[in-house]
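All remarks here apply to the structure that follows.
We name chains A, B, ... by the order of the sequence lines, and we start the count at 1 in each one.
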Amino acid sequence: MTENSTPPVVLVDGSSYLFRAYHALPPLTTSNNLPTGAIKGVTSMLRRLEQDYPGSKVVVVFDAKGKTFRHEMYEEYKANRPPMPEDLAVQIEPIHNIVKAMGLPLLIVPGVEADDVIGTLAHEATSKGIDVVVSTGDKDMAQLVSDHVTLINTMTETAMDRDGVSDKFGVAPEQIVDYLALVGDKVDNIPGVNKCGPKTAVKWLQTYENLSNLIEHSSEIKGKIGEYLREATDTLPLSRELATIRTDVELDFGLEDLTDRRQDDEALLGLFREYEFRNWIAELENADSKSPDTTDPAPVEKPEKRYSMVTDQGELDQWLERLKQAELFAFDTETTSLRYMDAEIVGLSFAIEPGEAVYVPLGHDYMGAPEQLDRDSVLGQFRPLLEDPTRKKVGQNLKYDKNVLANHGINLEGIAEDTMLESYVYNSVGSRHDMDTLAREYLNENTITYEAIAGKGAKQLSFNQIDLEQAAPYAAEDADITLRLHQTLSPKLKTTGRLEAVYREIDLPLVPVLSRMEQRGTLINASTLRQHSQELAERMSQLEEAAHEVAGEAFNLGSTKQLQAILYDKFGLRVIKKTPKGAPSTAEPVLQELAHEHELPRLIVEHRSLSKLKSTYTDTLPELIHHRTGRVHTSYHQAVTATGRLSSSEPNLQNIPIRTEEGRRIRQAFTAPEGRKLVAADYSQIELRIMAHLSGDKGLLNAFAHGEDIHRATAAEVFNVSLEEVSSDQRRSAKAINFGLIYGMSAFGLSRQLEVDRKTAQHYIDRYFERYPGVLTYMDNIRKQAHEDGFVETLFGRRLYLPDINARNKQMQQAAERTAINAPMQGTAADIIKRAMIEVDNWLRQEHPDDAIMTMQVHDELIIEVEESALDKVREGLIQRMSAAAELDVPLLVEAGVGDNWDQAH
DNA sequence: GCGACCCA
DNA sequence: TGGGTCGC
């Protein structure tokens, strides 16, 4: 075989797939009963083909309607074929249309069968030294196989070269025609030799090599079968001719007519919508088949930029008027600080039409700055517009702008769109969701970076210090880009699954809720924390002293480098794991393991965890208390995690230890003010409940319906004992299994967790799936679906794309599979608590505007600060609303406690 | 098992 | 920038 650097030409036998797809797939129909199974099957096959043969030219060939030259040759040809079923016939035209929209040449030659068109093109290609791949579901095509022609079946993903043909048929490709002539074909009504099947045909051909030689020596064949052969000698040449695929048909199409593929996305999108192939629509809008965001920026029309600056009242009046008339406008604030609690407004920018934007500077106070309009006067003029919920605004991360405006006593309403959230809902993992990234990705625009105008590092200017020559275009661009991003992203959301609803009903209405929580903040008892810090310091120095003693020398416990030297060089402890750089690891699990052999690692582990707590919480929390409010104002981030959860920073509320005494003491420092209490309510076992709901497993549903202790119930099933007999150890194991399942843990992981051997762990898992078969089915299905679609969804339709789900690297693929299992559960939990927050906030503002406020959200928990007089009512209402945030097939249990501090409220 | 934030 | 710990 010659090496050929040009990719092979791929010739697709569309007709063969048509029938196979029709029979292989369930009878899919659209909502108005249009059959689509074959359309989907063939389209899916073509898509796969494109992936498998990236640089190749592809030609798709179908049979034409009506008779062919074979009918003229032999009247009875294909006489035994049943007529095409009506529900297949109606699918042919749609398939042709999809092929065309995909930009693939579609060949239908009247009077010539697809086989012969393919044979002819294959012949043409090989004669020009181009290799050929024939994609077909029809094994008769094996006769075309040669050193330069390979057969593949894209549906079964099998390939057949020369050796493949020999293996499969027992004869060489050149003998296939003779073979087919001997065996005949019932359906095509090719006569063949009576009683001669594959085995006989192969035997004969192995002995006589070809048909004419066999006929010549037909007298040598003994027995009844010999008689049948001799009877057939008259018809065999005809049979042979019928079975022969022609390679010399006259076509008005040649390989030189192949042009570069040009897919018509619009047309294809229309067709996919018509046939309701929802899964493909999102992928189509982006060139990449799986992950919508990894595509090259589409060639976007770039409007001419008309950016201006307003420094006099007359111009401002004009803009105010235009903004009032606008159906939707983009706006952005420029401020003195990125921290929302300290930020003061330096300017405002607006955009109504793509390409046109204005900046209104209000507080640039560098030496020589031009005269600007008075800030408070301008803000006063904008106030009615900004506070009017019917005036629709679009922004990039409007939560920030809402917070900043609140610092000036303006309550931003009418948050109609947020491009950061549009991007996040559209593809949570594809990229970052800051404006520079989005502009590059969706608009093919390189925006002015903040660094470019403000400098970086210690010399970085705050916005009020930046020269207006530079600041104005930067600020105006922000508004312009935001508007255009919205125009690009909005239709994408609308046409992709249920993403529009996730965005509009969950993430967008959450913005003002989070903004209010951030602004309110939470009360922190600084003196408790300082006390705690001191105690931690004492304990740490004790540990340090002990560690130095054990080590026989003084060293910095915080330095992994010094620690490595002592553990591995000095004491020669075994190296369990290495860091990516090759140094022996001192990570926690490693030290935990080494603690069996040496005293030092245990001291280090404890020291480290105390040190972490001290530096991140007990030392830092008091510093985060805001001078103006006396409270701590966490930032909630809505566009960070892949699964839809919120994250928080300054402080990160999600990392406070939950079970340890140290963690409890940190929670004790989160307090209620005089006359108020904290109510903390959390969803009990929400992820397991979601698993029960999504899987529909009877056993799990039952256990939850009866309010059983789920870990105990699991233990009873897995260890085959009654509920009463479950030991605490068995319950602990069951709990580990339950969580392990949610995280996609392996038997290996579970065995480590439980400190049992792997076989035992595997046995537990097997028992679990035996007892809860619905869970097993669910997990298999979701894995399968992830492979097919390239994404998974939460109950509400939030999507998580898994670009690695079909990666060649097995580890990456398995990691993606674990995410596929975990994300729907974790993401659904996130959706539910977000819905609850929106409800609860709404209710509290209506019913308890002065005596209760929601202050924190941590994982599956909401915390409300409430007047003692309203305690019972608020507690009940909170539980009720959280429980009602989703209707699952299991009850959503919410547990709530009350206390003077967060720990007590548990 | 993986990811978010924080620290050195 | 990488390593660590916590969470789910």
Quick one: list whatever passes salt bridge (charged side-chain N to carboxylate O under 4.0 Å, His left out) with [X], sequence neighbours left out.
X         : answer
Arg432(A) : Asp434(A)
Asp889(A) : none
Asp757(A) : none
Arg608(A) : none

Let me know the distance between [atom1] of [X] and [atom2] of [N], rounded to the nearest Å.
X         : N      : atom1 : atom2 : result
Tyr743(A) : dC6(C) : OH    : C1'   : 12 Å
Glu861(A) : dG7(C) : CD    : P     : 13 Å
Asn655(A) : dT5(C) : CG    : P     : 12 Å
Ile666(A) : dG7(C) : CD1   : C1'   : 13 Å
Leu646(A) : dC8(C) : CG    : P     : 14 Å
Asp682(A) : dG7(C) : CG    : P     : 14 Å
Ile658(A) : dT5(C) : CD1   : P     : 19 Å
Ile686(A) : dC8(C) : CD1   : C1'   : 12 Å

Assign [X] to base, sugar-phosphate, or nothing according to its heavy-atom contacts below 4.0 angstrom with the strands shown.
X         : result
Ala829(A) : nothing
Thr641(A) : sugar-phosphate
Gly749(A) : sugar-phosphate
Ile742(A) : nothing
Leu613(A) : nothing
Val640(A) : sugar-phosphate
Thr819(A) : nothing
Ser611(A) : nothing

Problem - Note, His626(A) side chain near Asp342(A) side chain (heavy atom, < 4.5 Å) - result: yes

Exercise for the section: Kindly indicate whether the side chain of Asn738(A), heavy atoms from C-beta on, has any atom under 4.5 Å from the side chain of His711(A). Expected result: yes

Exercise for the section: Report the residue from Glu661(A), Glu606(A), Glu545(A), Glu544(A) that forms a salt bridge (Lys or Arg N to Asp or Glu O under 4.0 Å) with Arg539(A). Expected result: Glu606(A)

Problem - Residue pairs, two or more places apart or on separate chains, that pass salt bridge (Lys or Arg N to Asp or Glu O under 4.0 Å) and touch residues 820-834 of chain A - result: Asp507(A)-Lys834(A), Arg798(A)-Asp831(A)

Practice task
Within residues 594-601 of chain A, find the residues that approach DNA chain B with a heavy atom at under 4.0 Å, and present them sorted by residue number.
Solution key: none

Fill in the blank from the handout: 5'-most to 3'-most nt of DNA chain B touching chain A (<4.0 Å, heavy-atom partner on protein side) reads dG1(B) to dC7(B)

Fill in the blank from the handout: The ring pair (Phe, Tyr, Trp, His ring centres under 6.0 Å) partners of Phe555(A) (sequence neighbours excluded) come to His548(A)

Exercise for the section: Please name all residues satisfying side-chain hydrogen bond (donor to acceptor under 3.5 Å, both in side chains) with Arg602(A), sequence neighbours left out, ordered by chain then number. Expected result: none

